[in-house]
Protein chains: 2
Amino acid sequence: MGNRSDEISKIVTRAIIHKQLLPGCKLSEQTLADIFSVSRAVVRQALIRLSEDGLVTMERNRGAFVSKPTYREAVEIYDALTILEQGVAAQLSGRLGAQGWAELRHHVELQHKAVEEKNDQLSDQLGSGFHEVLVRLSRNTVIQQMHAQLIRRTALLRSLVSSRFDYCGLLHDHGVLIDLLEQGKIAEAQELIAVHHHNVVKGYLMDDEPQPEIDTREALSRYVSQEA
Amino acid sequence: MGNRSDEISKIVTRAIIHKQLLPGCKLSEQTLADIFSVSRAVVRQALIRLSEDGLVTMERNRGAFVSKPTYREAVEIYDALTILEQGVAAQLSGRLGAQGWAELRHHVELQHKAVEEKNDQLSDQLGSGFHEVLVRLSRNTVIQQMHAQLIRRTALLRSLVSSRFDYCGLLHDHGVLIDLLEQGKIAEAQELIAVHHHNVVKGYLMDDEPQPEIDTREALSRYVSQEA
DNA sequence: TCTGTTAAAATTGATATGCAATCTGCACCT
DNA sequence: AGGTGCAGATTGCATATCAATTTTAACAGA
């Protein structure tokens, strides 16, 4: 689509994923309009796109902010990822051609190098990338898009915490997963996926436990709504 | 959210789901602006929301149309639904309280009456409703929203074909599914979910086989792009 | 009658501007 | 320090305008 608002939303998405725009950051309409040299109307459209995607939260008369997921949301997102990837894994196992397995192994290889070079930025990217490749091989664009959206939201989570992952362990999981799937051990593969994501979430837990800072507005909403 | 564009997009969504607006229908900006007594800008925002949801397709300089899913898309949507519900089922089995099972059975009861009264409209609605309740019981709003979006898109599919479902059979599946889950027979429950959705898609096959009518523009796009 | 061309009208995508409602920040007062 | 009130900034929406593109209609020719 050749829409200006679409381009802008994609650019801002990239900025958010690359931790240039951090959760909670205000996205002023006029500021963005100046930055992209477009009218406020176009910026609003871009912000709406972003909010539909979950990366941005719009508050009436207050404006748009980069979303700040709660811990609960993090768990839900990884649960959703687990379910999607378990389903895809079951479909792929036994049905994927040699070229598919090769692509997965190649991806693990790439990440292996990134980890060895201690390139955390790249390791991170390739880490998510593996899961994306896995889903892409299912050849189901609907699932692919849902999954991609979830991955974008995990990027939000990563910029919310300064967690240090056990990249080596997570990477090892990827390799084992491929083996299990190729051998048709679906149940074990699915269990591994669940544990894998569970480990990632645990990595978040370290410094972002229950709730970092509570939004007063949200905390009081239930009381305000039933005031006399 | 108190946005006007949000309200409008929800109203149009209802109209599409209720088959008042059919796939392929043109959604003129000015027309909608007149209908809702708002400016074109607000209508554009609503249309963007709808297109992000997949119910509406926007074509540059041509406008917005109610989406017309292909058969392939239908299969992909039901595959996605299958995966989501299989995952939710596995989580629910053994973990859901008595109240949860009761709610599910109650829902089947309601649909049973609707089918007896030959109220197809209501049967349809409750049919999707059962799946929504199932997912709601997972208490995962992320999965819930993804699932709800898929359900909306299945409504699109239903208005695209004049299929007559075997409501009785589908309803029976729901009852059996509850039994299987309550007994902890996860694998069988998951298989039933897959077969259930497969049967629904087969119902669509009857009169909407490969492609109803091909969009010339789309059909020729690959040739036009590489013309001399 | 059918086909192809051309001109007019309609539609979209985007901008600019104005305005009411609301929120924010800050000086001010107790 | 802590509450009050106002000025300025921001959002949400309306209207008006314009270029680009598409659609429609009229028209001419085979």
Side-chain angles (χ1 to χ4, degrees), chain A residues 1-12 21 24-53 55-68 213-221 223-225 227, chain B residues 1-12 21 24-53 55-68 213-221 223-225 227:
Chain A
M1 209 187 306
N3 285 336
R4 197 80 187 82
S5 66
D6 197 48
E7 292 175 28
I8 291 175
S9 69
K10 284 188 168 64
I11 292 172
V12 175
L21 289 172
C25 175
K26 174 77 185 286
L27 299 172
S28 153
E29 295 188 359
Q30 192 59 56
T31 305
L32 289 175
D34 292 342
I35 290 173
F36 292 105
S37 300
V38 293
S39 65
R40 265 180 61 210
V42 171
V43 170
R44 275 187 80 74
Q45 292 167 20
L47 290 174
I48 286 175
R49 288 196 146 89
L50 289 163
S51 74
E52 292 286 317
D53 204 44
L55 292 185
V56 158
T57 303
M58 296 181 81
E59 294 179 35
R60 168 135 189 133
N61 284 324
R62 288 202 0 102
F65 306 82
V66 178
S67 293
K68 209 160 142 185
E213 50 189 88
I214 306 157
D215 181 3
T216 317
R217 186 183 307 273
E218 190 178 328
L220 294 179
S221 63
Y223 300 97
V224 183
S225 63
E227 73 181 337
Chain B
M1 207 187 308
N3 285 335
R4 199 80 187 82
S5 66
D6 197 47
E7 292 175 28
I8 292 175
S9 69
K10 284 188 167 66
I11 293 172
V12 175
L21 288 172
C25 176
K26 175 77 185 286
L27 298 173
S28 152
E29 296 189 359
Q30 192 59 58
T31 305
L32 290 175
D34 293 342
I35 291 173
F36 291 105
S37 301
V38 293
S39 67
R40 266 181 59 209
V42 172
V43 170
R44 276 187 80 74
Q45 293 166 19
L47 290 174
I48 286 175
R49 287 197 147 88
L50 289 163
S51 74
E52 292 286 317
D53 204 44
L55 292 186
V56 157
T57 303
M58 296 181 82
E59 294 179 34
R60 168 133 190 135
N61 285 322
R62 285 196 11 95
F65 306 82
V66 178
S67 293
K68 210 159 141 186
E213 50 188 83
I214 306 158
D215 181 3
T216 316
R217 186 182 307 272
E218 191 178 327
L220 294 179
S221 63
Y223 301 97
V224 182
S225 62
E227 74 181 335

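In this text, all values refer to a predicted model and were calculated from it rather than measured experimentally. Residue numbers start from 1 in every chain, and the chains themselves are labelled A, B, ... in the order their sequence lines are given, proteins ahead of strands.
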Any chance you could lay out the side-chain contact (heavy atoms from CB on, under 4.5 Å) test for I48(B) and M58(B), step after step, and finish with the verdict? CA-CA 8 Å; I48(B) 286 175; M58(B) 296 181 82; 4.3 Å; yes

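Position along DNA chain C of the nearest nucleotide to S5(A) versus N61(A) favours S5(A) as the more 5'-ward residue.
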Write down the protein N/O and nucleotide N/O pairs, taken from nucleotides 6-9 of chain D, whose separation is under 3.5 Å; answer none if there are no such pairs.
none

Pairs: protein N or O with nucleotides 5-10 of chain C N or O, under 3.5 Å:
none

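One can place CZ of R62(A) at 15 Å from C1' of dA21(C), the figure rounded to the nearest angstrom. Counting to the nearest Å, the P atom of dG13(C) and the CD atom of E7(A) are 13 Å from each other. Protein atom CZ of R4(A) is 8 Å distant from nucleotide atom P of dT15(C), rounded to whole Å. Taking atom CD1 on I48(A) and atom P on dT11(D), their separation rounds to 13 Å, with Å as the unit. Counting to the nearest Å, the C1' atom of dT22(D) and the CE atom of M58(B) are 15 Å from each other. In this entry the distance linking CD of Q30(A) with C1' of dC13(D) reads 16 Å, nearest Å. Taking atom CG on L32(B) and atom P on dA14(D), their separation rounds to 14 Å, with Å as the unit. Counting to the nearest Å, the P atom of dA14(D) and the CG atom of N3(B) are 12 Å from each other.
Of the listed nucleotides (dT12(C), dG13(C), dT11(D)), dG13(C) has the atom at the smallest distance from the side chain of R60(B). Set against dC23(C), dT12(C), dG12(D), the side chain of E29(B) has dT12(C) as its closest nucleotide.
Nearest heavy-atom pair across S51(A) and R49(B) is OG-NH2, 4.4 Å. Scanning both residues, A46(B) and S5(B), for their nearest heavy atoms gives CB-O, 3.5 Å.
Salt bridge status for E7(A) with R4(A): present, with a side-chain N to carboxylate O gap under 4.0 Å.
Not counting sequence neighbours, S39(A) has no partner by the side-chain hydrogen bond (donor to acceptor under 3.5 Å, both in side chains) test. Every residue two or more places apart in sequence or in another chain that forms a side-chain hydrogen bond (donor to acceptor under 3.5 Å, both in side chains) with K10(B) is listed here: D6(B). Remark: F36(B) engages I8(B), I11(B), V12(B), L32(B), V38(B) in a side-chain contact (heavy atoms from CB on, under 4.5 Å) (not counting sequence neighbours). Taking the side-chain contact (heavy atoms from CB on, under 4.5 Å) definition, one finds that E29(A) meets it with R40(A), V43(A), R44(A), L47(A), sequence neighbours left out. Evaluation of the side-chain hydrogen bond (donor to acceptor under 3.5 Å, both in side chains) rule for D34(B) yields Q30(B) as partners, not counting sequence neighbours. Under the rule for a side-chain contact (heavy atoms from CB on, under 4.5 Å), the partners of S67(A) that lie at least two apart in sequence or sit in another chain are T57(A), L156(A).
Taking side-chain N and O atoms only, K26(B) has a distance below 4.0 Å to OP1 or OP2 of dT12(C).
Taken residue by residue, residues 36-47 of chain B places heavy atoms nearer than 4.0 Å to DNA chain C at R40(B), R44(B).
A rotation axis mapping the C1' atoms of four pairs onto the next four is fitted at both ends of the helix from dT1(C)-dA30(D) to dT30(C)-dA1(D) over five pairs, and the angle between these axes is 10° to 10 degrees.
One finds the OG atom of S9(B) at 11.5 Å from the CD atom of E52(B) (value rounded to the nearest 0.5 Å).
Between L27(B) and L21(B) the shortest side-chain heavy-atom distance falls below 4.5 Å.
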